[in-house]
Amino acid sequence: MATKCEHCPLHSKDLFVSMSREELEFMQRFKVGELTVNPGTPILLEGSNAAQMYTALSGMGIRDTSLKTGERQVINFVFPGDFIGLQAALLGEMSHSVEARTHMRLCVFDRSEFYQFFRSNPSRAFDITWLAAVEEHFLGETLTSLGQRSATEAIAWAFLKVFQRGKALGLTTNSQMAFPFTQRDLADALGLSLVHTNKTLAKLKDRQLMSWHDGILQINNLELLAEVAVSDTDPLPKRPLM
């Protein structure tokens, strides 16, 4: 059975802004159903003109784009609460693909109702604008890592952000969280070779800062990891939930 918006398990997470009764009722009308997908399932394809948009209710995925040469750039990782498909809704088609990496459950929204969504609820429209701005900020940080951080700093930064997000979502236990991606995914996200990525991960493990094995990420010292990443451990800002 589809989850009613008022019973959404994400509302109890520290990461998300609370919704009013009116906003919950509005989102329930906007939501058209739910979709459950298996690991490896494409959710949105690059170049597609998707008819639906989604909020990740549970599970994790990946956003990436491919060159004609076959080379790939990972844009970011999808976590519960992420809004997927905004690009196609506004620009007409997706410039990247989204794929499930675990079993995922998605809230489904009809793209054809998106314009009416903006017209009838300006506060929710502002929330979408905020999400787009945060996404732009994150991509700016990623570009900084690609261009200015060393491999060690970049990988430390990536795992710092991942772990902070996981902690805010209640996905961490005893300094561990599931991270169901591959070293190739990480390398393609940070513009590194697979060999360089593997060697850098080994160095971070030898320094007892972190380990990543069999899909489990363990952070031993978040503050020291942040120092290596030339970053900080400030709490993540609360996000609106679509």
Side-chain angles (χ1 to χ4, degrees), residues 37-48 54 56 58-80 82 84-85 87 94-104 106 135 138-167 169 171-172 175-220 222 225-226 228-231:
V37 297
N38 293 321
T41 301
I43 298 170
L44 292 169
L45 294 175
E46 186 173 354
S48 67
Y54 309 94
S58 63
M60 297 184 194
I62 195 167
R63 305 180 203 241
D64 61 17
T65 184
S66 300
L67 300 176
K68 292 182 180 180
T69 60
E71 295 297 319
R72 181 183 71 147
Q73 176 67 49
V74 170
I75 298 171
N76 60 21
F77 303 111
V78 177
F79 288 90
D82 281 353
I84 306 167
Q87 191 175 75
M94 295 292 295
S95 66
H96 63 266
S97 297
V98 183
E99 178 184 297
R101 283 302 175 88
T102 68
H103 291 283
M104 293 187 73
L106 305 160
E135 190 72 17
F138 178 79
L139 290 175
E141 265 200 281
T142 303
L143 284 174
T144 300
S145 292
L146 290 172
Q148 302 301 325
R149 286 186 170 96
S150 67
T152 299
E153 291 168 347
I155 289 178
W157 173 82
F159 281 124
L160 171 68
K161 297 303 178 182
V162 163
F163 198 80
Q164 285 183 303
R165 187 76 178 273
K167 188 173 182 180
L169 287 167
L171 301 178
T172 63
S175 299
Q176 293 184 340
M177 68 172 284
F179 190 63
F181 302 97
T182 66
Q183 287 192 23
R184 169 62 68 185
D185 293 332
L186 182 64
D188 288 347
L190 297 173
L192 302 171
S193 71
L194 186 59
V195 171
H196 200 175
T197 299
N198 183 271
K199 289 181 177 179
T200 304
L201 286 169
K203 290 178 181 178
L204 290 170
K205 183 178 180 180
D206 288 343
R207 294 173 64 177
Q208 299 184 348
L209 290 174
M210 52 147 291
S211 63
W212 178 29
H213 185 66
D214 292 335
I216 300 298
L217 172 65
Q218 177 166 329
I219 303 298
N220 299 322
L222 194 65
L225 189 68
V228 173
V230 196
S231 189

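FYI, side chains are in, hydrogens and waters are out, and symmetry mates aren't considered; it's all heavy atoms of this structure.
In this structure, E153 has no salt bridge (Lys or Arg N to Asp or Glu O under 4.0 Å) partners at least two apart in sequence or on a different chain. Take Q218 and apply the side chain to side chain donor-acceptor pair (under 3.5 Å) test, not counting sequence neighbours, and it matches Q176, N220. Shown here are the ring-ring contact (aromatic ring centres under 6.0 Å, His included) partners of W157, two or more places apart in sequence or in another chain: F138. Listed by chain and residue number, T144 satisfy the side-chain contact (heavy atoms from CB on, under 4.5 Å) test with Q148 (two or more places apart in sequence, or in another chain). Taking the side-chain contact (heavy atoms from CB on, under 4.5 Å) definition, one finds that A226 meets it with L160, T233, sequence neighbours left out. Here F79 pairs with nothing under the ring-ring contact (aromatic ring centres under 6.0 Å, His included) rule; sequence neighbours left out. Residues passing the side chain to side chain donor-acceptor pair (under 3.5 Å) test with Q73, sequence neighbours excluded: none. Checked against side chain to side chain donor-acceptor pair (under 3.5 Å), T41 has no partners two or more places apart in sequence or in another chain. Among residues two or more places apart in sequence or in another chain, the salt bridge (Lys or Arg N to Asp or Glu O under 4.0 Å) test is passed with R165 by D82. Listed by chain and residue number, nothing satisfies the ring-ring contact (aromatic ring centres under 6.0 Å, His included) test with Y54 (two or more places apart in sequence, or in another chain). Under the side chain to side chain donor-acceptor pair (under 3.5 Å) criterion, D64 pairs with R72, sequence neighbours left out.
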Practice item. Evaluate side chain to side chain contact (heavy atoms under 4.5 Å, CB included) for L225 paired with F163, printing each intermediate quantity in order. Key: CA-CA 11 Å; L225 189 68; F163 198 80; over 6 Å; no

(Q) Evaluate F181 against L186 for side chain to side chain contact (heavy atoms under 4.5 Å, CB included), listing each step before the verdict. (A) CA-CA 8 Å; F181 302 97; L186 182 64; over 6 Å; no

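In terms of heavy atoms, A56 sits closest to V78 at CB-CG1, 4.2 Å. The nearest pair of heavy atoms linking V37 to A100 is CG2-CB, 3.8 Å. Looking at every heavy atom in both residues, S58 comes nearest to P80 through CA-CG, 4.2 Å.
For the atom pair CD1 (I155) and OG1 (T197), the distance works out to 4.5 Å, reported to the nearest 0.5 Å. In this structure, CD in E46 is found 6.0 Å from OG in S66, a value given to the nearest 0.5 Å. Remark: M177 CE to L169 CG distance equals 8.0 Å, nearest 0.5 Å. Rounded to the nearest 0.5 angstrom, R184 CZ and N198 CG are separated by 11.0 Å. With values rounded to the nearest 0.5 angstrom, L192 atom CG is found 11.0 Å from Q183 atom CD. Here the CG-NZ distance, from L194 to K199, works out to 11.5 Å after rounding to the nearest 0.5 Å.
Looking at heavy atoms from C-beta onward, L106 lies in side-chain contact with I43 at the 4.5 angstrom threshold. Counting only heavy atoms from C-beta outward, the side chains of R63 and S97 never approach each other to under 4.5 Å.
Ring centers of F179 and F77: under 6.0 Å apart, within the cut-off.
Formation of a donor-acceptor pair under 3.5 Å by the T102 side chain with backbone atoms of M60 is found in this model. At least one donor-acceptor pair under 3.5 Å links the side chain of R149 to the backbone N or O of A229. A donor-acceptor pair is defined here as one N or O able to donate and one able to accept, closer than 3.5 Å; no such pair exists between the side chain of T172 and the backbone of S175.
Sequence neighbours left out, not one pair with a member in residues 200-213 passes side chain to side chain donor-acceptor pair (under 3.5 Å).
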